[in-house]
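Reading through the structure tokens given below for one structure.
Below, each value reflects all heavy atoms present in this structure, side chains not excepted, and no hydrogens, waters or symmetry copies. Numbered from 1 within each chain, the chains take letters A, B, ... in sequence-line order. Because the structure is a prediction, the values reported are computed rather than measured.
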There are 2 protein chains.
Amino acid sequence: MPTPSMEDYIEQIYILIEEKGYARVSDIAEALSVHPSSVTKMVQKLDKDEYLVYEKYRGLVLTAKGKKIGKRLVFRHDLLEQFLKIIGVKDENIYNDVEGIEHHLSWDSIDRIGDLVQFFEEDDQRIEALLEIQKRAGEE
Amino acid sequence: MPTPSMEDYIEQIYILIEEKGYARVSDIAEALSVHPSSVTKMVQKLDKDEYLVYEKYRGLVLTAKGKKIGKRLVFRHDLLEQFLKIIGVKDENIYNDVEGIEHHLSWDSIDRIGDLVQFFEEDDQRIEALLEIQKRAGEE
DNA sequence: TAATGAATTTAGAACAGAATAAATTTTAGC
DNA sequence: GCTAAAATTTATTCTGTTCTAAATTCATTA
């Protein structure tokens with residue numbers, strides 16, 4: 001099992017490769033707001049645990065295992081963003097909150113939140129009713 | 001600002017004092033599944049930061065600041081438990097998930113989740129509809 | 001193809017939180 | 001009050017992640 005920090009790296013590497021075809025140390029460092037030397041160290045660990053294949057100075061490629069996990073992590077991240085957006089959390093809080101909680105929810109919870117998103121997407125009146133409650137709560 | 005770990009301790013101390021009138025090092029250790037020596041160290045830090053007053057070997061009392069925060073933390077924890085329960089997360093996952101995410105959500109998100117709980121409590125049909133979606137999703 | 005600047009890696013230290021083991025203090029039973 | 005057991009504390013070590021600073025490798029271009 002990857003640690004939360006390892007998940008951050010795998011997720012970000014997956015996104016970078018999806019977007020640009022490759023993931024350089026410096027890109028990863030920038031995206032995660034850490035120093036390049038931290039990336040190198042973590043990438044060595046991810047190689048040892050076989051989430052990716054890393055060649056010193058040359059770059060890295062996700063393994064099948066790494067890709068599979070990366071894909072799920074990105075899905076989870078996006079779902080949580082969607083969820084917070086739907087229930088009306090301010091944009092400025094969404095990214096940090098998702099970043100904080102994504103590593104700490106069971107897949108059971110993720111699936112239930114998926115159903116919940118579905119629930120609201122299926123019928124606009126539900127969101128309307130929720131907004132109504134928020135207006136009421138805000139006035140108190 | 002307390003760190004997540006500090007929040008765990010403050011929250012648990014608040015609960016113990018609420019339940020039994022006091023919080024011994026060994027009770028805190030047991031409740032948080034850490035060793036007593038770790039509790040001592042953290043309690044010293046919480047004393048320095050004025051969340052509580054600690055007297056070596058004798059015990060501790062929350063300050064006004066500690067009580068106020070403890071109360072909010074317990075409220076937040078309970079709300080998140082309620083939320084996961086409502087959306088159908090299995091009991092066996094609820095505690096760990098709440099424990100994991102409670103320290104990482106903005107109060108904006110907490111408030112929106114509060115509204116959401118309200119939304120479902122207000123009308124049983126809403127929960128029914130959600131259950132329906134879950135049944136459907138489970139069959140696929 | 002040699003030099004320079006950019007990117008990467010290594011080595012070592014910091015930091016937070018927790019563990020272990022040993023020492024100290026408190027509490028209970030006699 | 002004294003002693004044994006329980007609770008607590010101290011001192012030290014460990015783990016995981018990050019940082020800094022220095023060394024190395026790579027890439028460009030002249």
Side-chain angles (χ1 to χ4, degrees), chain A residues 1-13 16-17 19-62 66 69-70 73 96 99-104, chain B residues 1-13 16-17 19-62 66 69-70 73 96 99-104:
Chain A
M1 283 266 85
T3 62
S5 181
M6 288 162 78
E7 286 192 348
D8 275 333
Y9 282 87
I10 296 171
E11 180 181 333
Q12 197 55 58
I13 288 167
L16 285 167
I17 290 179
E19 280 176 358
K20 325 196 310 173
Y22 57 89
R24 284 184 311 176
V25 166
S26 50
D27 297 330
I28 303 168
E30 159 131 45
L32 295 177
S33 298
V34 297
H35 286 228
S37 59
S38 307
V39 175
T40 299
K41 191 172 262 187
M42 180 58 90
V43 161
Q44 288 165 346
K45 185 199 276 198
L46 294 175
D47 175 283
K48 186 150 57 60
D49 289 357
E50 299 183 307
Y51 294 105
L52 49 81
V53 177
Y54 162 64
E55 268 189 278
K56 242 187 177 187
Y57 293 109
R58 317 218 115 271
L60 52 89
V61 187
L62 289 174
I69 292 182
L73 298 180
N96 275 339
E99 182 54 36
I101 69 177
E102 63 184 336
H103 311 294
H104 301 283
Chain B
M1 286 263 87
T3 62
S5 181
M6 288 162 79
E7 286 192 349
D8 275 334
Y9 281 87
I10 296 171
E11 180 180 334
Q12 198 54 60
I13 288 167
L16 285 167
I17 291 178
E19 279 175 359
K20 329 194 310 174
Y22 58 89
R24 282 184 312 175
V25 166
S26 49
D27 298 328
I28 302 168
E30 158 133 45
L32 296 177
S33 299
V34 297
H35 287 229
S37 58
S38 305
V39 175
T40 299
K41 190 176 261 190
M42 181 57 89
V43 161
Q44 287 165 344
K45 186 200 276 198
L46 294 175
D47 175 284
K48 185 152 57 63
D49 290 356
E50 298 185 306
Y51 294 106
L52 50 80
V53 177
Y54 162 64
E55 268 189 276
K56 244 189 179 187
Y57 292 109
R58 316 220 115 266
L60 52 88
V61 187
L62 289 174
I69 292 181
L73 298 180
N96 275 341
E99 182 54 38
I101 69 176
E102 62 184 337
H103 311 295
H104 301 284

Between [atom2] on [N] and [atom1] on [X], what's the gap in Å once rounded to a whole number?
X     : N      : atom1 : atom2 : value
B:I28 : C:dG17 : CD1   : P     : 16 Å
B:Y9  : C:dA16 : OH    : P     : 15 Å
A:E30 : C:dA6  : CD    : C1'   : 15 Å
A:K41 : C:dA7  : NZ    : P     : 22 Å
B:R58 : C:dT26 : CZ    : P     : 6 Å
B:Q44 : C:dA18 : CD    : P     : 14 Å
B:L60 : D:dA7  : CG    : P     : 16 Å
B:M1  : C:dA16 : CE    : C1'   : 18 Å

Respond yes when some side-chain nitrogen or oxygen of [X] is under 4.0 Å from OP1 or OP2 of [N], and no when none is.
X     : N      : result
A:K45 : D:dT17 : yes
A:S26 : C:dA7  : no
B:T40 : D:dT9  : yes
A:S5  : D:dT18 : yes
B:K56 : C:dT26 : no

Among [options], which nucleotide sits nearest the side chain of [X]?
X     : options                : result
B:M42 : C:dT10, C:dA18, C:dA19 : C:dA18
B:T3  : D:dC19, D:dT18, C:dG17 : C:dG17
B:V25 : D:dT8, C:dT26, C:dA21  : D:dT8
B:Y54 : C:dT9, D:dT18, D:dT9   : D:dT9
A:H35 : C:dA19, C:dT9, D:dT20  : D:dT20
B:Y57 : D:dT9, C:dA19, C:dG17  : D:dT9

Counting only distance, no hydrogens or angles, is the base of C:dT8 paired donor-acceptor with the side chain of A:S37 under 3.5 Å?
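Side chain to base: no pair present.
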So, taking the atom named CD1 in B:I28 and the one named CG in B:L16, what distance separates them when rounded to the nearest 0.5 Å?
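The distance works out to 6.5 Å.
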Considering all heavy atoms of both residues, which atom of B:P4 and which atom of B:H103 are nearest to each other, and what is their separation?
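Looking at all heavy atoms of both residues, the shortest contact is O-CE1, 3.5 Å.
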Whether over 12 other heavy atoms sit under 6.0 Å from A:Q44 CD
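Yes, because the 6.0 Å sphere around CD of A:Q44 holds more than 12 heavy atoms from other groups.
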